[in-house]
S.K.: 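I am attaching a structure below and will ask some questions about it afterwards.
The figures that follow rest on heavy atoms only: side chains count, while hydrogens, waters and symmetry mates do not. The chain is numbered in sequence order, starting from 1.
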Amino acid sequence: METDFQTVDEARLKILALLQPITGTRTVAIREALDQVLATDLLSPINVPAHDNSAMDGYAFSGHCIQAAGITNLKMVGTAYAGKAFNGNCGKGECVRIMTGAVMPENCDTVLIQENATVSGDTISFPPGAVKAGDNRRLAGEDLTIGKPALPAGKVLRPADLGLIASLGIAEIAVRRKLRVAFFSTGDELRSLGQPLDEGCVYDSNRYTLWGMLTRLRFVELLDMGVVHDSPEALEQAMLQAMEQADVIVTSGGVSVGEADYTKHVMEKLGSVNFWKIAMRPGRPMAFGQVHNKNTGDSAYLFGLPGNPVAVMVTFYAFVRDALFKLAHANTLPIPMVTAKLAQNVRKRPGRTEYQRARLDMTQGSPIAHLTGAQGSGILRSMSESDCLLVLAHDQGDLKAGDSVLALPFEGLI
């Protein structure tokens, strides 16, 4: 490997080290908080549950009533419902019929599940070993204690979190403002949908891929700036416009060494930008840094991704996704990886990280990975037909059918 190449891990760490998260919060109703980033630690204003309560339908009584040997017999003296407590007295040798979630009656610390009770009139009986003192009782504050953190700052709020917030009686919550991301494609050969396709031209697919990946991050607000043509003036104007409205700019194309690739020169003019050759396939050329408008003080982080469609997706998940989480103050949700067995031999050159498109067969017990065809970085069909990327490590060489590999499933990711 050439010495001026960055490894994937080196580039990722350098990017994350240079980022400063955004500031600003907003208050939203909890139904608007899904997938947003919690701004501060959420402290519980109440105990959850507020009272000791029953975890099962059954019979509540004092654990001291349980006979160590022989049958225990208890007299029912009332019923406790969820939302309607039993307010009478439950003394020695007595029990209360109780429903799941009902407040435990005074002097009761144990619940016998109804399936284990023999009922005769107003008396229940059960044998030794049917229940132990303290069974099937949920203690006040067992889930959350008043004043203790219920959710940490930086949590990307999921459906269960919204339910938890509602269970605390909280109707509105402070979240981080959305991270603003502008994106555009570069290239005179690109045509937008609906335009005639001239000879030598192609339709711009990268903007739609980027839109899809960014939209999955619902804490991001998007600005689609279309196709920018290959001229220094057009690129500079697009970047200046993007800086006015966005925290981050993501471009595709124009970061290689071609004569018409002006992106590098414009980036260098406007800011401090690193141009890296990454030891990876696909996705070798990439730019990262910060651009500035000296006249207005506007600035934005910039990710210059390759122009090949598959390379755009791979570099986004290798570098951009985690960077956006950090910029948004979000606790990064780890990308789930699974171990799979190769269905065929795979050629791999040591000295670079490779991402190969595959489908996982989950019907054989252990996952089996089948490549989805040609792996060229411009072949979107093999990406569309895949459901994962095989991540072949930097130092790995050729692999044989049956070898274990790490796979990055797309489900829930793209």
S.K.: Say whether S62 and K92, considering side chains only, have a donor N or O and an acceptor N or O under 3.5 Å apart.
M.R.: no
S.K.: Hey, is E354 close enough to R352 for a salt bridge, meaning N to O under 4.0 Å?
M.R.: yes
S.K.: Taking the side chain as everything from C-beta on, heavy atoms only, tell me whether V405 gets closer than 4.5 Å to L399.
M.R.: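 A side-chain contact under 4.5 Å exists here.
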S.K.: Quick one: are L164 and L144 in side-chain contact, heavy atoms under 4.5 Å?
M.R.: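 Yes, side chains in contact.
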S.K.: Would you indicate whether the side-chain heavy atoms of D224 and F184 approach each other to under 4.5 Å?
M.R.: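 Heavy-atom side-chain distance check fails, nothing below 4.5 Å.
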S.K.: Just checking, any donor-acceptor pair under 3.5 angstrom between side chains of D9 and T7?
M.R.: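 Note: D9 and T7 side chains miss the donor-acceptor criterion.
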S.K.: Side chains of P159 and L34: closer than 4.5 Å at any heavy-atom pair?
M.R.: yes
S.K.: Begin with the C-alpha distance, continue with both residues' side-chain angles, and end with the deciding distance and a verdict on side chain to side chain donor-acceptor pair (under 3.5 Å) for Q114 and R97.
M.R.: CA-CA 9 Å; Q114 59 187 16; R97 179 82 168 101; 2.8 Å; yes
S.K.: For F61 and F126, I'd like to know if the aromatic rings sit close, meaning centre-to-centre distance below 6.0 Å.
M.R.: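 Under 6.0 Å, so yes.
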S.K.: Salt bridge between R158 and D161, side-chain N to carboxylate O under 4.0 Å?
M.R.: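 Salt bridge: no.
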S.K.: C95 and side chain to side chain contact (heavy atoms under 4.5 Å, CB included): which partner among D122, T72, T110, L74?
M.R.: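 Output: one option passes, namely L74.
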S.K.: Ignoring hydrogens and angles, state whether a donor on the side chain of S185 or N206 is under 3.5 Å from an acceptor on the partner side chain.
M.R.: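 There is no such pair (donor and acceptor under 3.5 Å, judged by atom type) between the side chains of S185 and N206.
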S.K.: For H51, I'd like to know if atom NE2 has over 12 heavy atoms of other residues, nucleotides or ligands within 6.0 Å.
M.R.: no
S.K.: Verify whether one side chain among Q344 and K400 offers a donor that lies under 3.5 Å from an acceptor in the other.
M.R.: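 The answer is no; no qualifying pair exists.
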S.K.: Flag the pair L406 / V338 as yes when at least one side-chain heavy-atom distance between them is below 4.5 Å, and no otherwise.
M.R.: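 No, their side chains stay 4.5 Å or more apart.
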S.K.: Looking at E385 and R359, is any side-chain nitrogen of the basic one under 4.0 Å from a carboxylate oxygen of the acidic one?
M.R.: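 E385 and R359: not salt-bridged.
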S.K.: Testing R177, K326, K178 for salt bridge (Lys or Arg N to Asp or Glu O under 4.0 Å) with D247, which one passes?
M.R.: R177
S.K.: As an exercise, state the distance from OG1 of T215 to OH of Y208, rounded to the nearest 0.5 Å.
M.R.: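 That separation rounds to 12.5 Å.
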S.K.: Using the ring pair (Phe, Tyr, Trp, His ring centres under 6.0 Å) criterion, which residues pair with F86? Sequence neighbours excluded.
M.R.: none
S.K.: Measure across A33 and L157 and return the closest heavy-atom pair with its distance rounded to 0.1 Å.
M.R.: O-CB, 3.5 Å
S.K.: With a 4.0 Å cut-off on N to O distance, would you call R137 and D109 a salt bridge?
M.R.: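 Salt bridge: no.
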S.K.: What I want to find out is whether D398 reaches K348 closely enough, with some N-O distance under 4.0 Å, to be called a salt bridge.
M.R.: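 Looking at K348 together with D398, the answer is no, because their closest N to O distance does not fall below 4.0 Å.
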S.K.: Flag the pair D143 and R138 as a salt bridge only when some basic side-chain nitrogen lies within less than 4.0 angstrom of an acidic carboxylate oxygen.
M.R.: yes
S.K.: For the pair L179 and F325, evaluate side chain to side chain contact (heavy atoms under 4.5 Å, CB included) and give the outcome as yes or no after the intermediate values.
M.R.: CA-CA 9 Å; L179 182 70; F325 269 83; over 6 Å; no
S.K.: Could you pull out the closest heavy-atom pair between P21 and H329, with the gap in Å?
M.R.: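 Scanning both residues completely, I find the closest heavy atoms to be CB-NE2, 3.3 Å.
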S.K.: Answer yes or no: is there a side-chain heavy-atom contact under 4.5 Å between D298 and H292?
M.R.: no
S.K.: Please give me the minimum heavy-atom distance between N116 and P127, naming the atom from each residue.
M.R.: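 Shortest heavy-atom contact: O-CD, 4.5 Å.
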S.K.: Could you grab the distance from atom CD1 of I98 to atom OH of Y59, nearest 0.5 Å is fine?
M.R.: 12.0 Å
S.K.: A side-chain contact here means heavy atoms from C-beta on lying under 4.5 Å apart; do Y355 and L392 qualify?
M.R.: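 Not in contact.
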S.K.: Decide yes or no for I46 and I146: does some side-chain heavy atom of the first lie under 4.5 Å from some side-chain heavy atom of the second?
M.R.: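 Answer no - side chains too far apart.
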